[in-house]
Amino acid sequence: MGRESVGISVSKKEDFSEWYTQVVLKAKLADYAPVKGLIVLRPDGYSIWESLKSTFDKKFAQNGIRNGFLPVLIPESLLGKEKKHFAGFNPEVFWVTHSGDNEVGDRLALRPTSETLAYTLYAKWIKSWRDLPLKINFWNTALRAEIKATKPFLRTSEFLWQEGHTVHSTEEEAREEVKKILEIYKNTVEEELAIPVVIGKKSEKEKFVGAVYTTTMESIMPDGKALQMGTSHFLGQNFSKPFEVKFADRDNVEHFAWQTSWGVSWRLIGAMIMVHGDDKGLVLPPKVAPIQVVIVPIYNSDEDKLRVMQKVEGIKEELESTSIRVHIDDRNELSPGYKFNDWEMKGVPLRIEIGPKDIQQQKVVLAKRYNKEKIDLILKDIEKVDLILKEIQKNMLKNAREQAERNTIEISEYTEFKEKMEKGGFFNAAWCGKQVCEDKIKEETGADIRVIPFDREKRYSKCIYCKEPSSMIPIFARGY
RNA sequence: GGGAUCGUCGUCUAGCUUGGUAUGAUACUAGUCUGGGGGACUAGUGGUCGCAGGUUCAAAUCCUGCCGAUCCCA
């Protein structure tokens, strides 16, 4: 009894959407807030975010990027300065119309993104080529009113993210920056979260409103839908002109600057849950797990307890000396079986079980979360835990990659495309580049162009829709 | 944007048709026995029925509005 109400009550395979929501809530990553579309991050969820944040911060710093802070309110007059940008975001902006009892003249937007505010300030700060490049990243939240059904981490009206905004004196340097950032994103997501991504460009239709072009990384989820994992935009001079981000070059001629902007959000956490989780709950990659190893002591008498706990403390110290994050589950009132299930729900990568029998044999039992494997480890080999965690991290990426590959297909017949799209997946299909075809495909199959992979930008074939000559093979999929 | 369904202790749920202040499970608290895969027993705590208003002697139940959630279609 009780099993159903404590654990996940549906299987990942049969009801993916319900499964996802239950994992988020029951693993205590997040909870719903009293306002539609808003969620609350709990400590277990927030530490995953903190872990990602610290990795990104290190990599950004190595690339000469520093952190700053921007306020949340942006006057309408600023937001509207770049026309297309404004038109794109306007339908989902939250507006502040009053300050206290007084109506404000120029309505204030709760930032849907900060380009317009940042660049107003950049225009003040940048005078000379000596001020460039200017590279600032902002960790904050963005607000975009979601009318559609919301999902924790994947679609919420407020989300945690970082938005980076850089300014360069040359076009080449800005384009290079866009690329560098996307590489940082890809490496981090694959190495930390063990999720494989495909990088490339967005189509004209799908690019960031106001950008010259958008580069993106996309991943496929186990239900066959695509998730945008992060974007890095080349803004050209589209913003520097209306916002007058200008600098005097070495020859004392004034030029408009070249800009980039880029961001990843807590969607990454949602992706991690979907890709790695199973019917027992969350499965965390060791690198981002708040607790990497949980020790469950087993005993049934006071003398046993004493002996076991002594051993357990020793193991903990030894593991911590190699910077492993260890937790001892010393809750006295719960049975070992309950604890096993509890930590599996929370996704802790490795569990150590140790009881009187183990002490007698000078060993412990190791249980790996991601593949449910249970093995014995001789006590004096305890330092191998570090290696095992590394191996888990590696295998999780490998498994995810294999799964992604199984869900990716080459396709050249439109009828087959339509038919198979019902089941989802990444479809490599040729495209002529015309938006009419892109629109028709979206209308008839629900799939859009997720990404045009960099290595498939110059592949010549026939458009899947109109059969006219095509010059690229994008990935089509239904998205989140 | 159009349509449908729903909202009762923390969670799931009975009651709603035929108005009379709420059922059970789980969780939680305490104790005893237990303890290597969600343990048992006993005793407790907890809800005024999403919110606001209306009808009525009386509203979880009927009516109106709002808020929120889920699903389908575009």
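Per chain, numbering begins at 1; letters A, B, ... match sequence-line order.
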Fit a plane to each ring of Trp161(A) and Phe159(A), take the angle between them on a 0 to 90° scale, and name the class: parallel (under 30°), tilted (30 to 60°) or perpendicular (over 60°).
perpendicular

Lys/Arg N to Asp/Glu carboxylate O, Glu204(A) vs Lys434(A), below 4.0 Å
no

Nearest-nucleotide comparison on RNA chain B, the residue closer to the 5′ end among Val35(A) and Ile354(A):
Ile354(A)

Using atom P of each nucleotide, how far apart are A43(B) and U56(B) to the nearest Å?
46 Å

Using the P atom on both, measure G50(B) against A59(B) and round to a whole Å.
15 Å

Dot-bracket line, read 5' to 3' along RNA chain B, where crossing pairs take [ ] and | marks a partner on another strand, Watson-Crick or G-U under 3.5 Å
((((((((.[[[..)....(...]]].((((((.....)))))).....[[[[[..)....]]]]]))))))).

Can you figure out which of G37(B), C71(B), G39(B) approaches the side chain of Tyr338(A) most closely?
G39(B)

Using the P atom on both, measure U21(B) against C28(B) and round to a whole Å.
32 Å

Side chain Asp342(A) and base G38(B) donor-acceptor under 3.5 Å
no

Lys/Arg cation over aromatic Tyr213(A): Lys207(A), 6.0 Å, 45° cone:
no

Of the candidates G36(B), G35(B), G38(B), the side chain of Glu353(A) sits closest to G36(B)

What's Asp31(A) touching, base or sugar-phosphate or nothing? Going by heavy atoms closer than 4.0 Å.
nothing

Identify each donor-acceptor pair in which a side-chain atom of residues 83-92 of chain A lies under 3.5 Å from a protein atom, sequence neighbours left out, and give them as a table.
residue, atom, partner, partner atom, Å
His85(A), ND1, Val209(A), O, 3.1

What pair of heavy atoms forms the shortest contact from Val264(A) to Gln162(A), and how long is it?
N-OE1, 2.9 Å

When you measure from the side chain of Lys280(A), which nucleotide among G36(B), G38(B), G37(B) comes out closest?
G37(B)

Show the nearest heavy-atom pair for residues Ser114(A) and Asn140(A), with the distance to one decimal.
OG-ND2, 4.3 Å

Gap in Å between the two P atoms, one belonging to A69(B) and one to U23(B), rounded
30 Å

Counting distance alone, no hydrogens or angles: does the base of G37(B) have a donor or acceptor under 3.5 Å from a partner atom on the side chain of Lys374(A)?
yes

